Amino acid sequence: QVQLGESGGGVVQAGASLRLSCVASGRTIAENGMGWCRQVPGKEREFVAAIGWRSSGTYYADSVKGRFTISRDNAKNTVFLRLNDLRPEDTATYYCAADRSRMPSTRCSGYYYWGHGTQVTVSS
């Protein structure tokens, strides 16, 4: 069983940056594909970014490509999401997720383990 805990969210102005962290506990996530999804109340959860088990491939939603960067440190059992040039439309709760396979899904429905989320609010 894997427990995921996100941190790093906050309230920022447009153009600012944040770094979200996702720390896993319970067992290693070194062989899991990992991803981030986000959700706004009343809307479906939206895929943001994903990374393979040895950082073997990264994947991004078109809306964040070039602004967000996903990375991982398997020694620390942690996944990161760097958010640059934030926009008001990036406002959402951001969730970390672990796939059961080494290569991550680019659909939120493909993930098996989920964190509780961290809120990111971007003001204009």
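Just so you know, residue 1 is the first one in the sequence shown, and it goes up from there. Bear in mind that the values here come from a model prediction, so they are computed numbers and not experimental data.
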For the pair T118 (side chain) and S7 (backbone), establish whether a donor and an acceptor sit closer than 3.5 Å, ignoring hydrogens and angles.
no
Interatomic distance, K65 atom NZ to Y60 atom OH [nearest 0.5 angstrom]:
10.0 Å
Looking at OG of S55 and CD1 of I70, how far apart are the two atoms once the value is rounded to the nearest 0.5 Å?
9.0 Å
Rounded at 0.5 Å granularity, tell me how far CD1 in I29 sits from CG in L4.
7.0 Å
Could you check whether any side-chain N or O of D99 sits under 3.5 Å from a backbone N or O of S105, counting only pairs where one atom can act as donor and the other as acceptor?
yes
Do V79 and Y112 sit in one hydrophobic cluster, given that two such residues count as connected whenever their side-chain heavy atoms are within less than 4.5 Å of each other, even indirectly?
yes
T93 and Q119: side-chain donor and acceptor closer than 3.5 Å?
yes
Determine, using the 4.5 Å side-chain heavy-atom cutoff (strictly less than), whether V23 and V120 are members of one ILVMFWY cluster.
no
Taking the side chain from N84 and the backbone from G66, do they hold a donor-acceptor pair closer than 3.5 Å?
no
Can you tell me how far the CE atom of M34 sits from the SG atom of C22, to the nearest 0.5 Å?
4.5 Å
State whether a side-chain donor-acceptor pair under 3.5 Å links N32 with R27.
yes
Are Y113 and M103 co-members of a hydrophobic cluster defined by side-chain heavy atoms under 4.5 Å apart?
no
Counting only N and O atoms by type, is there a donor-acceptor contact under 3.5 Å from the side chain of E6 to the main-chain atoms of C96?
yes
Do L81 and Y59 belong together in a cluster built from hydrophobic side chains that touch within less than 4.5 Å?
no
Kindly assign one of parallel, tilted or perpendicular to the pair F68 and Y94, based on the angle between their ring planes and the thresholds 30° and 60°.
tilted
Using only heavy-atom distances, determine whether the side chains of R54 and S56 contain a donor-acceptor pair under 3.5 Å.
no
Could you tell me whether the side chain of V12 reaches within less than 4.5 Å of the side chain of L18, counting heavy atoms only?
yes
Do W114 and C108 come within less than 4.5 Å of each other through their side chains, counting heavy atoms only?
yes
Derivation of the side chain to side chain contact (heavy atoms under 4.5 Å, CB included) call for R107 and F47
CA-CA 6 Å; R107 296 178 295 112; F47 171 77; over 6 Å; no
Look only at the side chain of N77 and the backbone of A24, and say whether a donor-acceptor pair between them is shorter than 3.5 Å.
yes
Which residues share a salt bridge (Lys or Arg N to Asp or Glu O under 4.0 Å) with E89, sequence neighbours left out
none
Out of curiosity, does W36 fall in the hydrophobic cluster containing V122 (side-chain heavy atoms, cut-off under 4.5 Å, transitive links)?
yes
For R67, side chain to side chain contact (heavy atoms under 4.5 Å, CB included) partners two or more places apart:
V64, D85, R87, D90
Give the intermediate values and the outcome of side chain to side chain contact (heavy atoms under 4.5 Å, CB included) for residues R82 and S17.
CA-CA 7 Å; R82 177 72 179 183; S17 298; 3.6 Å; yes
The single option from E46, E44, R45 passing side-chain hydrogen bond (donor to acceptor under 3.5 Å, both in side chains) against Q39:
R45
Could you check whether any side-chain N or O of T78 sits under 3.5 Å from a backbone N or O of K76, counting only pairs where one atom can act as donor and the other as acceptor?
yes
Measure the spacing between CG of L20 and OH of Y95 and express it to the nearest 0.5 Å.
13.0 Å
If you measure from OH on Y111 to SG on C37, what distance do you get to the nearest 0.5 Å?
6.0 Å
